[in-house]
Amino acid sequence: MAKMSGKSCGDCASEEDSEAKVVHSKPLPFKDVTVDDAFWGAEQELVRTQVLPFQWRALNDQVPGASPSYCMHNFKAAAAQNQRANEAKTAGRGFEPPAYTDRGFNVLPADPSHPDPDKFYGFVFQDTDFSKWIEAVGYSLAHHPDPQLEATADGAIDIVCAAQQSNGYLDTYYILNGMDRHFTNLKDYHELYCMGHLIEGAVSYYQGTGKTKLLHAAERFADYVASVFGTEPGKLHGYPGHEIAEMALVRLAEATGKSKYLDLASYFIHQRGASPLYFGQEDRARAEHDGTPFVENDNWPKPYAYYQAHEPVADQREAVGHAVRAGYLYSGVADVVRLTGDEKLSKAIHAIWRNIVDKKLYITGGVGGTAVGESFSYDYDLPNDLAYSETCAAIALVFFARRMLELEPKGEYGDVMELALYNTVLAGMAMDGKSFFYVNPLEVRPETTRQHDARFNHVKDVRQKWFGCACCPPNIARLVESVQEYAHTLSDDGSTLFTHLYIGGDTKFETGSTSVRLSMTSELPWSGKAEATVHVGNANRTSASSVNMTLAFRLPAWAGNVGDVAAVVSASGEKCGGITRKIRDGYLYLSGTWRDGDTATFDFPMLVNMVAANPKVSEDAGKVAFMRGPIVYCAEERDNGDQLHRLHVDAGRVGTNAENVSAEAFDFRAGAPAMDAKGTGEVELVTRPMVRLEVPAWRDVDADSNNVGKNVDNPGEHAVSACAGSDCRQDNPNPEANKTQEAGADSASVSSRPLYARWQPAKREPVTVTLIPYFAWANRGENEMRVFLDIR
């Protein structure tokens with residue numbers, strides 16, 4: 001590994017700088033950051049060209065085989081109802097709005113082929129499908145003008161705004177089912193969640209296009225909410241059941257410069273969990289109104305913990321309840337801490353972060369270990385095959401991590417953000433962008449699906465075209481299209497640009513009165529090579545110029561200890577003493593005079609890391625997983641034959657530091673036929689460059705198949721097949737599936753053996769296990785998958 005140059009290059013400190021300095025920072029306007037990157041550029045292009053059009057069709061119930069959304073149906077119905085009311089008022093006629101009828105959390109038409117054009121259908125939060133889609137569209141249009149897409153979006157906005165009530169309220173469930181009971185079930189019926197997503201979408205579309213129609217609609221909704229909620233007499237003392245309004249209101253405050261929206265976000269956070277618990281009062285009042293018995297809430301560990309409302313947020317120290325709600329709340333809290341300096345909230349949010357990262361985080365960057373409530377489980381409960389690990393929860397963790405970075409630049413936050421992005425987030429979408437995972441397990445056996453095992457009802461072994469509860473697909477789209485907002489932040493004083501993710505592209509910013517553009521090239525995640533070039537002043541400047549500033553680069557934990565990793569970073573300005581370096585909290589600070597054309601180059605070691613879980617994670621006892629760079633790897637049946645549980649990493653041959661695991665560049669070929677008429681499991685042909693791992697291992701093999709049923713005390717020799725199942729066929733369309741398998745015990749002979757027999761040493765055969773990136777699994781059809789492998 002290359003070493004740093006001598007002291008003539010300035011302060012080449014290799015030790016952590018102990019200087020305590022809190023630096024707040026914020027993302028740059030997304031219009032000022034472009035992505036020109038082989039990896040993320042391809043993901044954004046996929047979203048732009050495939051996902052956004054596909055999801056627009058889904059929002060309009062035009063995807064054959066997909067669960068209907070009813071999203072735009074509901075907005076059109078609400079707009080039509082408003083039009084009838086306005087026409088009646090103009091004509092001097094009375095208009096009787098609908099009286100509230102609770103039609104349930106998920107409303108479906110009696111005849112799916114003929115939904116009533118005036119009725120609400122879908123989940124109570126169905127409006128948010130539009131809001132997340134329009135948010136992704138705003139990001140896309142900022143860098144890829146598309147008149148047709150923009151016209152479609154403007155038309156959709158017209159429909160949505162036509163549904164808004166005169167007082168600013170905009171939630172189609174209550175508009176169509178009866179406004180007389182709105183804000184009476186904050187706990188479960190998601191009105192403030194819908195407002196939050198509307199704000200996020202409106203701000204993005206405004207910042208991407210400059211158009212304000214949707215932004216003004218979102219402001220009017222927020223203003224109405226502010227007039228209804230608060231601590232003053234006569235106001236509701238409630239808060240969102242499903243959080244996101246908190247972080248969205250902060251974003252609205254920063255986009256408009258109106259502090260009243262920050263005040264509302266702060267109110268929601270401070271009021272949450274205050275005694276008496278509002279949700280308990282609300283439940284009791286609703287039961288009395290409906291004439292039903294009041295049932296005490298029995299959430300674990302305290303009543304209303306599922307909603308993170310069991311105690312004041314400032315007193316919370318553990319991540320509990322619904323993982324997506326929690327991640328959105330913690331993101332909003334971090335925002336409020338950054339802008340208000342609230343020390344009690346700061347202590348809470350730091351303790352919760354530690355609880356997640358130290359005790360409740362999957363190696364893939366997923367969170368939420370249990371399907372019961374889609375929730376965080378107890379400490380160290382991280383099942384692999386029963387994992388929930390919702391795609392939206394990983395996205396919420398990315399939001400949370402970036403906001404912690406805005407509070408204070410610490411490498412761990414960037415490490416976790418990167419982990420979730422490259423693994424669980426991307427695993428949520430097929431490589432053709434047309435099917436999705438809601439749940440992201442770390443181990444799958446297709447028989448659990450085929451046999452309808454109810455314990456695994458939440459787990460799918462192939463991605464689905466769409467969901468009735470379609471929170472995840474548009475959530476992926478909006479995050480991928482805005483990934484540039486996670487790559488960099490600029491300190492509040494403008495003196496330091498932080499690089500958190502190494503993504504190729506250009507970043508424009510101002511430091512002092514000087515314009516700077518940082519151009520990044522990157523070969524991540526497959527290679528550790530990257531380079532940043534500084535351009536000072538305007539593009540047409542002919543003479544050299546310089547600027548005094550700091551560029552701070554995250555030193556990825558996966559590359560080794562910070563001193564060694566910093567040693568492979570060099571800045572051209574160090575040679576003449578103009579740039580000095582310090583390491584602090586996982587970042588390398590390169591400070592001094594940067595001249596036009598100066599560079600910083602990186603060659604991070606792409607180590608293969610063999611990782612073991614904390615011994616308290618019982619699911620992973622005696623198992624290991626593999627990472628290379630930020631990528632987590634998994635074994636698929638397609639490459640290794642079936643019965644993956646019979647594979648064991650050969651500890652002796654792998655080596656203590658996994659030095660004998662080979663990394664090979666290859667072209668991954670995705671593609672799978674549909675499994676049914678709905679197109680389930682279908683993936684169109686896609687080829688992407690990747691890196692796979694080849695791991696020395698053992699496979700337990702069966703006794704000689706000729707001896708099935710005979711005395712197991714005297715087993716015969718067993719000839720192991722070189723390949724397994726359909727992968728042996730010469731006409732298999734997937735070339736990767738046709739490689740010679742060093743695996744494949746005779747499944748028929750195994751199933752013919754007695755259920756129990758006297759133990760004897762396993763017969764083992766040396767094999768090489770092929771591992772592919774976790775995000776790529778299930779792109780070649782239905783098959784087994786494992787992240788953690790047994791080790792011997």
Side-chain angles (χ1 to χ4, degrees), residues 30 35 37 39-60 62-63 66-67 69 71-72 125-144 146 148-150 152-153 156-157 160 196-205 207-209 214 244 248 251 324 328 390-399 402 420-438 440 463-486 503 683-684 686 775:
F30 61 80
V35 174
D37 181 272
F39 187 89
W40 286 105
E43 292 292 336
Q44 288 196 335
E45 187 69 3
L46 179 66
V47 169
R48 185 178 74 86
T49 62
Q50 301 297 323
V51 180
L52 290 179
F54 175 85
Q55 292 189 354
W56 175 245
R57 294 195 301 274
L59 298 186
N60 288 275
Q62 296 171 354
V63 177
S67 298
S69 167
C71 177
M72 296 311 298
F125 49 80
Q126 213 70 43
D127 291 3
T128 62
D129 286 5
F130 159 79
S131 298
K132 283 179 276 192
W133 178 80
I134 202 71
E135 183 180 348
V137 170
Y139 297 131
S140 178
L141 291 176
H143 296 295
H144 298 280
D146 182 334
Q148 183 176 350
L149 176 60
E150 188 168 350
T152 298
I157 289 170
V160 169
H197 271 300
L198 180 68
I199 291 171
E200 293 275 358
V203 172
S204 168
Y205 200 73
Q207 293 176 336
T209 67
L214 191 62
I244 201 175
R251 186 177 183 188
V324 181
Y328 288 168
E390 183 180 340
T391 301
C392 283
I395 291 170
L397 182 64
V398 171
F399 295 161
R402 192 198 75 190
L421 269 172
Y422 278 102
N423 296 288
T424 299
V425 172
L426 287 183
M429 180 172 66
M431 289 174 60
D432 65 354
K434 296 181 180 179
S435 57
F436 306 88
F437 275 142
Y438 196 104
N440 295 278
R463 295 172 182 82
Q464 310 298 294
K465 286 294 183 185
W466 199 251
F467 308 97
C469 176
C471 51
C472 297
N475 226 359
I476 298 170
R478 71 181 182 129
L479 179 55
V480 168
E481 279 297 302
S482 63
V483 72
Q484 58 266 33
E485 287 199 301
Y486 301 83
I503 296 176
V683 180
E684 294 178 2
V686 179
F775 73 78

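Since the model is a prediction, treat every value here as computed from it, not as a measurement.
- At a threshold of 4.5 Å between non-hydrogen side-chain atoms, the residues L46 and M429 count as touching.
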Could you go step by step and tell me if T391 and Y438 meet the side-chain contact (heavy atoms from CB on, under 4.5 Å) rule? CA-CA 6 Å; T391 301; Y438 196 104; 5.8 Å; no
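- Between T152 and W56, some side-chain heavy-atom pair lies under the 4.5 Å cut-off.
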Stepwise, does the side-chain contact (heavy atoms from CB on, under 4.5 Å) test hold for E485 with Y139? CA-CA 10 Å; E485 287 199 301; Y139 297 131; 3.9 Å; yes
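- Counting only heavy atoms from C-beta outward, the side chains of M72 and F130 approach each other to under 4.5 Å.
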Pairs of donor and acceptor atoms involving the side chains of residues 467-477, under 3.5 Å and at least two apart or interchain, shall be tabulated with distances.
unit_1	atom_1	unit_2	atom_2	d
N475	OD1	R478	NE	2.5
N475	OD1	R478	NH2	3.0
N475	ND2	Y328	OH	3.0

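- For H143 (side chain) and V35 (main-chain N/O), no donor-acceptor pair under 3.5 Å exists by modelled atom type.
- Looking only at side-chain heavy atoms (C-beta outward), Y205 and L141 come within less than 4.5 Å of each other.
- From K465, atom NZ reaches atom OG of S67 across 12.5 Å, with rounding to the nearest 0.5 Å.
- Under the 3.5 Å distance criterion, the side-chain polar atoms of D432 are left unmatched by any main-chain donor or acceptor of V683.
- The side-chain heavy atoms of W466 and S69, taken from C-beta on, include a pair separated by under 4.5 Å.
- Remark: aromatic rings of F775 and Y422 are distant, center separation not under 6.0 Å.
- With Y486 as the aromatic partner, R402 meets the cation-pi criteria of under 6.0 angstrom to the ring centre and within 45 degrees of the ring axis.
- Closest of all the heavy-atom pairs between V425 and L421 is CB-O, 3.6 Å.
- Counting only distance, with no hydrogens or angles, the side chain of D146 and the backbone of Q148 share a donor-acceptor pair below 3.5 Å.
- Put simply, CG on L198 and NZ on K132 are 13.0 Å apart, with the number rounded to the nearest 0.5 Å.
- Look at R48 and E45 and you find a salt bridge, because one of the NZ, NE, NH1 or NH2 atoms lies within 4.0 Å of a carboxylate O, short of that distance.
- Separation of atoms OG1 (T209) and CG (L214) is listed at 9.5 Å; rounding is to 0.5 Å.
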Evaluate E481 against S140 for side-chain contact (heavy atoms from CB on, under 4.5 Å), listing each step before the verdict. CA-CA 6 Å; E481 279 297 302; S140 178; 3.3 Å; yes
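- Evaluation of the side-chain hydrogen bond (donor to acceptor under 3.5 Å, both in side chains) rule for Q50 yields K434 as partners, not counting sequence neighbours.
- Under the 4.5 Å side-chain criterion, counting only non-hydrogen atoms from C-beta, F437 is not in contact with T424.
- Taking OG of S482 as the reference point, atom CD of Q44 lies at 8.0 Å (rounded to 0.5 Å).
- Using a 4.5 Å cut-off on side-chain heavy atoms (C-beta onward), S204 and R251 make contact.
- In this structure, F436 and F54 have tilted ring planes: the angle between them lies in the 30° to 60° band.
- How far CD of Q126 is from OG of S131: 11.5 Å, rounded to the nearest 0.5 Å.
- F39 is listed as a side-chain neighbour of L426, based on a closest heavy-atom distance under 4.5 Å.
- How far CG of L52 is from CZ of R57: 11.0 Å, rounded to the nearest 0.5 Å.
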